[in-house]
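First the structure, in the form of C-alpha cells, and then the observations on it.
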Amino acid sequence: QVQLVESGGGLGQPGASLRLSCAASGSIVSINVMGWYRQAPGKERELVATITRGGNTNYADSVKGRFTISRDNAKNTVYLLMNTLKPEDTAVYYCNAEVVIFYRGTNVCWGKGTLVTVSS
C-alpha cells in the first residue's frame with residue numbers, strides 16, 4: 001500500500017506565500033508524475049501543477065508565474081510553493097502521484113487533502 005500525506009496548508013493573507021509538502025510512503029518502486037490539484041467550494045477538482053521524475057513541469061494558467069512545483073525523488077516528496085496568494089486560491093489542495101508499487105504495477109494515488117484559505 002502507498003500513502004500520500006500533505007502538510008503545510010492553513011491561512012494566508014492575500015499576497016503572502018505558503019508552501020505545501022506531500023510525502024509518499026509504502027511499497028514504492030518508483031514514482032512517475034507527481035502533482036497538485038485543488039477543489040474550491042462548489043467547484044470541480046482542477047489541476048494546479050505537475051512534475052515528472054525528470055523535472056519537467058506543467059502549470060494551470062491561473063497559477064503560472066506565482067506557484068512553483070518541485071520534488072525530491074530520494075524522499076518521494078513533492079512541494080508546491082505558492083507566492084502572491086489570491087483569495088481565489090482558497091481550496092482544498094490534493095497531492096497526486098503515479099506510483100509503481102511492488103507486485104501491483106502502476107497506480108494513481110491521492111492524498112486526503114490540505115485546506116488553504118486566503119483571506120485578510
Side-chain angles (χ1 to χ4, degrees):
Q1 303 299 327
V2 172
Q3 286 188 322
L4 301 182
V5 179
E6 301 103 334
S7 60
L11 176 64
Q13 291 190 338
S17 298
L18 284 174
R19 188 189 192 216
L20 305 182
S21 300
C22 172
S25 62
S27 303
I28 299 170
V29 174
S30 64
I31 302 178
N32 299 325
V33 180
M34 301 187 82
W36 291 95
Y37 291 71
R38 67 186 181 186
Q39 187 166 17
K43 295 188 177 181
E44 293 188 353
R45 191 174 298 189
E46 63 176 4
L47 169 72
V48 176
T50 61
I51 184 168
T52 67
R53 185 172 182 81
N56 293 320
T57 58
N58 178 55
Y59 295 93
D61 288 341
S62 59
V63 306
K64 279 181 182 177
R66 298 189 299 121
F67 290 12
T68 302
I69 189 170
S70 61
R71 64 188 283 176
D72 184 331
N73 291 330
K75 295 181 179 180
N76 291 328
T77 300
V78 63
Y79 306 96
L80 185 69
L81 176 60
M82 305 184 292
N83 293 324
T84 319
L85 285 166
K86 301 178 180 180
E88 51 263 43
D89 294 321
T90 295
V92 177
Y93 284 71
Y94 296 92
C95 176
N96 169 279
E98 187 179 274
V99 183
V100 180
I101 302 174
F102 278 106
Y103 307 116
R104 289 179 175 263
T106 301
N107 289 255
V108 176
C109 302
W110 289 90
K112 293 183 177 180
T114 184
L115 177 62
V116 172
T117 303
V118 183
S119 175
S120 55

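Side chains included, hydrogens not; waters and symmetry mates left out as well; all remaining heavy atoms used.
Taking CZ of R19 as the reference point, atom CE of M82 lies at 11.0 Å (rounded to 0.5 Å). Once rounded to the nearest 0.5 Å, the distance linking OG of S119 with CG of L85 reads 11.5 Å. Distance check: L4 CG to C109 SG gives 5.5 Å after rounding to the nearest 0.5 Å. Distance check, rounded to the nearest 0.5 Å: SG of C95 to CD of Q3 gives 12.0 Å.
S17 and T84 make their closest contact through OG-N, 4.4 Å (heavy atoms, listed as atom of the first residue, atom of the second, distance). Heavy-atom minimum distance, R71 versus N73: NE-OD1, 2.6 Å. Of all non-hydrogen atoms in A40 and T90, the two that sit nearest each other are CB-O, 3.6 Å.
A continuous path of Ile, Leu, Val, Met, Phe, Trp and Tyr side chains, each step under 4.5 Å between heavy atoms, connects V2 with W36, placing both in one hydrophobic cluster. There is a path of hydrophobic side-chain contacts, each under 4.5 Å, that joins M34 to Y59. Under the 4.5 Å side-chain heavy-atom criterion for grouping Ile, Leu, Val, Met, Phe, Trp and Tyr, V92 is connected to Y37 within one hydrophobic cluster. Cluster annotation: V100 and F102 are assigned to the same hydrophobic cluster (Ile/Leu/Val/Met/Phe/Trp/Tyr, side-chain heavy-atom contacts under 4.5 Å, transitive). With hydrophobic clusters built from ILVMFWY side chains whose heavy atoms lie under 4.5 angstrom apart, V78 shares a cluster with I28.
Residues R66 and D89 have side chains in contact (heavy-atom distance under 4.5 Å, counting atoms from C-beta outward). The shortest side-chain heavy-atom distance between R38 and V63 falls under the 4.5 Å cut-off. No side-chain heavy atom of V118 sits under 4.5 Å from any side-chain heavy atom of K86.
Within 6.0 Å of the CD atom in E46, the count of heavy atoms belonging to other residues, nucleotides or ligands exceeds 12. Applying the 6.0 Å contact sphere to CZ of R104 captures no more than 12 heavy atoms from other residues, nucleotides or ligands. Within 6.0 Å of the CD atom in E88, the count of heavy atoms belonging to other residues, nucleotides or ligands exceeds 12.
No donor-acceptor distance shorter than 3.5 angstrom exists from the side chain of N76 to the backbone of I31, with no hydrogens or angles considered. Within the 3.5 Å criterion, the main-chain N or O of L11 finds no donor-acceptor partner in the side chain of T117. At least one donor-acceptor pair closer than 3.5 Å links the side chain of E6 to the backbone N or O of K112. In terms of modelled atom types and a separation under 3.5 Å, the side chain of N107 and the main chain of G105 share a donor-acceptor contact.
In this pair, W110 and Y94 present their aromatic rings perpendicular. The plane angle is above 60°, beyond the 30 to 60° band.
T57 pairs with exactly one of T68, I69, T50 by the side chain to side chain contact (heavy atoms under 4.5 Å, CB included) rule, that one being I69.
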